[in-house]
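Structure first, commentary second.
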Number of protein chains: 2
Amino acid sequence: MVSRQPPLSLYAAVRKMSTFTGQADRHRGVVVKSTIAATEQEKSAEFGPKLARSLIKWSADEQVHLVWFRIARQHAHWISELAKNNFLFHRTSPDGNELWMYKRLRGESTSTVDSPHTYTGAGGLVIRNDHLLVVKEHSIPFWKLPGGYVNSGENIGDAAIREVFEETGIRAEFVSLVAFRHVLSGSFNCADMYFVTNLRPLTFDIVIDKEISEAKWMKCEDFITSPDVGEHSRFFVKTYFENSKNGITIKANKTIHQFTNKELINYTASYDVPTNSSSDV
Amino acid sequence: MVSRQPPLSLYAAVRKMSTFTGQADRHRGVVVKSTIAATEQEKSAEFGPKLARSLIKWSADEQVHLVWFRIARQHAHWISELAKNNFLFHRTSPDGNELWMYKRLRGESTSTVDSPHTYTGAGGLVIRNDHLLVVKEHSIPFWKLPGGYVNSGENIGDAAIREVFEETGIRAEFVSLVAFRHVLSGSFNCADMYFVTNLRPLTFDIVIDKEISEAKWMKCEDFITSPDVGEHSRFFVKTYFENSKNGITIKANKTIHQFTNKELINYTASYDVPTNSSSDV
């Protein structure tokens, strides 16, 4: 009687010939995720031959232009073999536990494979009765606006509100964007964009964070004239007052992207007849 | 006579006890660069013990809060050992040949160790005699503004000028920023900021790039009303005309940062009495 089960050695041979299965993306890429693939392929010694077979398979497929590997930190032993096979480092996950590597097999993709190179920050210009909320950091002896980095997935206004609360204990709400600055090559050779928002305070009692050394409500006209103030903070505050006088703000409007259905925020400069200022012609 | 040279076995012992030498940074970090350190420590087997000794040394030094390794792709075999020692992935170099990993030894640093998570793009709103420069991509059947990603170290205006030239062959110069949109979670779970600039054309003959399928000068009023136009491009063009009417632009001003001496660009909304429009009260 013939066994329906092939002998174990045949299983082993078939298994040896296996290749990685990735998910296709819409840019002619194939994405292999180590947390899925590694369950069947944990041993380092098996990785190289399987990768070699997989590259032969993908190279023969004209639909595959790019191969991606998402490597979880616990599978970091894959990285050395991928690097030997001319995979490039692409980017890391925000939590530091995943690395993306890629290799271009053919063609010039219309989609970028650059990694993001811009940090975004947000500051809060918070005014209460002609007084401005200001902080000093431990290392810099100048008053400045409270603020910090925008988190992954966070919008500019929410980031400014969060940073103002973390640094000063003041709760506030978003009114408008005032201005922003772009440093082309800052920390880690990355670009840095810093967005200054006008926030309306909802509470007034300051509770300072250990990250900063001092915080207080400072008379706006003192901030504009004091030598004890960072030039860039001063510039943004002056810009705010000039634009308020002229009825100009940069407004934020949430909407949905026509093609991707993703939520987005449009920032546009707007003119409104000034309501608070008396005419000063 | 006593030899001045210690015996070779002692040399070997001393060498075995060596630790990595890194460069201190201003955030209480130590940075070890594999392209420098690897000349004396190429073999994989030696890396683990040397790393362990180095971590003991750094952990005993209260001035060291963070340890960084910059690993060149040819030294990718270091990564597995660093991951086992709880180093996290931080970021990659734009050319894909270097990976930064870090480990926090003590304290909470006031400096961020997040990786950048924002892509920046720039588009050009280019008008010539009531006609707007528009393109169609192969995959999307709508007219849109030419544009693409901002390169590392590039400013927004230069990126828009470059993308307009690459896609349409039109040379142009920067006038102002019109508006921008912020997608919080786009490609690769990164945020995406797209800045629309107003550019003045310097040449007029279109030479299209293979990346796009069509380009032409389209009557502005047709762009505003045609169903064959992307909603987001239309929104930006309408914003441009409304703000032109009111004399509002977002200007770019280059300056130098007070503390870091780095060049930066400030973007501020400005009001100028409109020059081109007749009064329409």
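Reminder, nothing fancy here: chain letters follow the sequence lines and each chain counts from 1.
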Margin query: Using only atom types and a distance under 3.5 Å, with no angle test, would you say the side chain of A:S185 pairs donor to acceptor with the backbone of B:G153?
Written below: no
Item checked: Inter-residue atom distance A:T92.OG1 - B:M101.CE, 0.5 Å rounding -> 10.0 Å
Next item on the list: Output the option from A:A179, A:A191, A:S93, A:G148 having the highest count of non-hydrogen pairs under 4.5 Å with chain B.
Entry: A:A179
Checklist line | Closest contact, heavy atoms only, B:A76 versus A:S80 | finding: CB-CA, 3.9 Å
Notebook entry, point to check: In Å and rounded to the nearest 0.5 Å, what is the CG to CG distance from A:L99 to B:L99?
Noted result: 5.5 Å
Next item on the list: Can you see which heavy atom on A:H117 is nearest to which on B:V150, and at what distance?
Entry: NE2-O, 2.9 Å
Notebook entry, point to check: Does the gap between the ring centers of B:F195 and A:F180 come in under 6.0 Å?
Noted result: yes
Item checked: Gap between atom CG of A:N243 and atom OG of B:S270 - 0.5 Å precision -> 6.5 Å
Check: So, for A:H182 and B:N155, which heavy atoms are closest and what is the spacing to 0.1 Å?
Finding: CE1-CA, 4.4 Å
Checklist line | Main-chain N/O of B:F87 paired with A:R73 side-chain donor or acceptor, under 3.5 Å | finding: yes
Checklist line | Centroid separation B:Y267 to A:Y267 less than 6.0 Å | finding: no
Check: Do B:M193 and A:I156 pass the side-chain contact (heavy atoms from CB on, under 4.5 Å) test, and can you show the C-alpha distance, the side-chain angles, and the key distance before you say yes or no?
Finding: CA-CA 11 Å; B:M193 287 190 167; A:I156 294 168; 3.7 Å; yes
